[in-house]
Protein chains: 2
Amino acid sequence: MIQLTPKQEEIKLREQRILDVARSVLIQHGYHGLSMERIAAKVEYSKGTIYNHFANKEEIIVALAIETVGRRLEMFKQAAQFRGASRFRMLAIGQAAEKFVRDYADFFTLEQILQLPSVRQKISQQRQHEINSIEVRCMDIVAGIVRDAVAAEDLVLGPDVTPEKLVFGIWSLTSGGFAIAARSGTLPHLGLDNPFELVHHHTAALMDGFGWAPKSSEYDSNKLNQKIHCEVLSNE
Amino acid sequence: MIQLTPKQEEIKLREQRILDVARSVLIQHGYHGLSMERIAAKVEYSKGTIYNHFANKEEIIVALAIETVGRRLEMFKQAAQFRGASRFRMLAIGQAAEKFVRDYADFFTLEQILQLPSVRQKISQQRQHEINSIEVRCMDIVAGIVRDAVAAEDLVLGPDVTPEKLVFGIWSLTSGGFAIAARSGTLPHLGLDNPFELVHHHTAALMDGFGWAPKSSEYDSNKLNQKIHCEVLSNE
DNA sequence: GCTTTTTCTGACGCTTGGTCAAGAATCCTG
DNA sequence: CAGGATTCTTGACCAAGCGTCAGAAAAAGC
C-alpha cells in the first residue's frame with residue numbers, strides 16, 4: 001500500500017480531476033445539468049471508468065460536499081485561534097462562516113441536494129459517516145468557545161442550558177440567515193441589502209440576550225472584524 | 001366564465017385529485033419516487049391528461065408548495081389576531097410557525113426542491129409570482145407586529161433598523177432552527193432533544209437582546225403558549 | 001515474450017420526462 | 001336531436017440519462 005505503481009498514481013489523480021470537473025459542471029449547469037455522460041465527456045474517459053471511481057451520481061455529490069465542509073472545518077479551526085475575549089473568538093467564527101459561504105457559493109446547492117432523502121439513502125455509510133463527523137467537529141469547535149466563555153465567566157448559562165444548546169441557536173440564526181440570503185431574490189426589494197451584516201447584527205443581539213460579555217455596545221465591531229481578517233482569515 | 005359546464009367542473013375536481021395524489025406520493029416515496037407515470041396510474045388517467053393540467057413535474061411541485069404556504073399564511077393571520085402585548089402576539093406567530101412545520105412535514109421537502117435553480121427555472125412566471133406574493137404577505141404580518149410594538153413603545157429600534165430587518169433575524173433563527181431539526185438525525189445525540197423548545201428559548205433571547213418589553217423573565221411562557229393555543233390555534 | 005490480472009470501453013437494457021396524431025367525448029346550433 | 005365543431009384523452013413514441021457487463025485493451029508479473 002505504501003508504494004503506488006504509476007498506474008495507481010494516475011488513477012488517484014483522475015479521481016480528483018473527476019471531482020473538479022463535476023464541481024464546475026454543477027456550478028455552471030445545476031443539479032439537473034450534472035450527468036455522468038457529461039462528466040465522462042469532459043474528463044475524456046468513458047462512463048464505465050467514472051463508475052469505477054464512484055458507484056453513482058450521489059457519491060460524486062457527497063464527495064464534493066465532503067471536500068467543501070472540510071474546507072469549512074479548516075477555516076473554523078483557524079478562526080478559533082484568534083486571540084482575544086471569548087465573545088471575540090465567536091465573532092471570528094462568524095466571520096469565517098461568512099467567508100466560507102462567499103467562497104463556496106455551491107455549498108448551498110450541495111447541501112440541498114444531500115438533504116433530499118432519496119439522495120441520502122443512496123450514498124455509502126462510510127461517506128455518510130465522514131461528512132457527519134466533519135459537521136460534528138465544526139460544532140465542537142464552536143461549543144468549545146462557549147465552554148471557554150463559561151470558564152472565563154464571560155457568560156453564565158441558565159440551568160439546563162448546555163453549550164450545545166447555545167450553539168444550536170447561533171448556528172440556526174447564521175445558517176438560516178445565509179440560506180435565506182443565498183436563495184431569495186426579494187431581499188433587496190424589502191430594503192435588506194446586506195444580509196451578512198444583518199446576520200452579524202442579530203448574532204450580536206442574541207449574545208446580548210444571553211448576557212455574553214462584553215456587550216455589543218462596549219466594543220467596535222468594525223475594527224474587530226478587520227483585526228480578525230488580518231490575523232486569522234487572510235491566507236498568509 | 002361564471003357558469004361551468006359539467007365537463008369543466010369535472011376537470012377542476014380532477015386537478016385537485018392530481019395534487020392530492022402527488023402529495024401522498026411525495027410524502028411516501030420522496031422526490032425521486034414522484035413520477036408522472038405513477039401519478040397517472042394512481043389517478044387512473046393517462047399521462048397525457050396529467051400534462052394537460054401541469055406542463056411538467058415542477059409545476060406540480062410548485063402547486064403543492066403554493067397550497068402549503070397558503071395554509072401557513074392562514075395560520076399566521078389567525079395567530080396575529082391574538083389579543084395581548086406585541087411581544088405576545090409575536091410569540092403567537094412563533095407557535096403558529098411551529099404548528100405549521102409539525103402539520104406539514106412535507107413542507108421542507110417541497111421548499112428544498114423548489115430552491116434548486118434547475119427546478120426553479122422550469123416553473124411559470126405566474127406560479128413563481130404567486131408563491132412569492134404569499135411569502136411576502138407572511139413577512140408583512142410579522143413586520144406589522146413589529147411596527148405595532150414600536151408604536152406601543154414596547155420596542156425601540158436603533159437608527160437604520162427597520163422592522164423588516166428585525167423580522168429577518170427572527171425568521172432566520174426560526175426557519176434555520178426548524179430546518180436543522182427537520183433533517184439532522186444527530187441532534188438527540190448531542191442532548192438536543194426538543195428543538196422546538198430550543199427555538200422558542202432563543203427567540204426569547206433575541207427579543208431580549210433587542211429590548212422588546214416585557215422581558216422573558218417577566219412572564220410565564222408556558223402559560224402564555226397554552227392561552228395562545230386555546231384562543232387562536234385550535235381549529236374552532 | 002507470454003500469461004495473468006487489472007482496467008477501460010461503449011453498446012445495451014431500462015426507466016422516465018415530455019410530445020403529438022388520432023380517436024373519443026362533449027358541446028353547440030339549427 | 002342530428003351532425004358538425006370543438007375540446008379532451010390516449011398511449012405509442014422519442015430522447016435522455018442511469019447503471020451494467022462482456023469483451024477489448026493495457027499493465028503487471030514472470
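In what follows, every chain begins at residue 1, and chains take the letters A, B, ... in the order their sequences are listed. Being a predicted model, the structure only gives us computed values, none of them experimental.
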In whole angstrom, what separates Ile11(B)'s CD1 from dA25(C)'s C1'?
11 Å
Across nucleotides 13-23 of chain C, 5' to 3', mark each nucleotide with B, S or - according to how protein heavy atoms within less than 4.0 Å reach it.
---SBBB----
Taking atom types as modelled and ignoring hydrogens, do the side chains of Glu59(B) and His53(B) form a donor-acceptor contact shorter than 3.5 angstrom?
no
Near Glu197(A) CD, under 6.0 Å, is it more than 12 heavy atoms from other residues, nucleotides or ligands?
no
What integer distance in Å separates Phe54(A):CZ from dC8(C):P?
14 Å
Without hydrogens or angle criteria, can the side chains of Gln125(B) and Glu130(B) be said to hold a donor-acceptor pair below 3.5 Å?
no
Considering just the side-chain nitrogens and oxygens of Ser46(A), establish if one lies under 4.0 Å of OP1 or OP2 belonging to dC8(C).
no
Min side-chain heavy-atom separation Leu166(A)-Thr162(A) under 4.5 Å
no
Pair Phe108(A) + Phe178(A): ring centers closer than 6.0 Å:
no
Arg120(A): partners by side chain to side chain donor-acceptor pair (under 3.5 Å), with sequence neighbours left out
Gln115(A), Gln128(A)
Rounded to whole Å, please give me the gap between CD in Glu9(B) and P in dA25(C).
21 Å
Rounded to whole angstroms, how far apart are CG on Asn52(A) and C1' on dC21(D)?
11 Å
Kindly say whether Cys230(A) contributes a backbone atom to a donor-acceptor pair with the side chain of Ser234(A) at under 3.5 angstrom?
yes
Sugar-phosphate means primed atoms, P, OP1 and OP2; the rest is base. With that split, encode nucleotides 24-30 of chain D 5' to 3' as B, S or - using protein heavy atoms under 4.0 Å.
---SS--
Below 4.5 Å, heavy atoms only, C-beta onward: do Thr109(A) and Tyr104(A) meet side chain to side chain?
no
When rounded to whole Å, the CD1 to P distance for the pair Ile18(A) and dT7(C) reads 14 Å
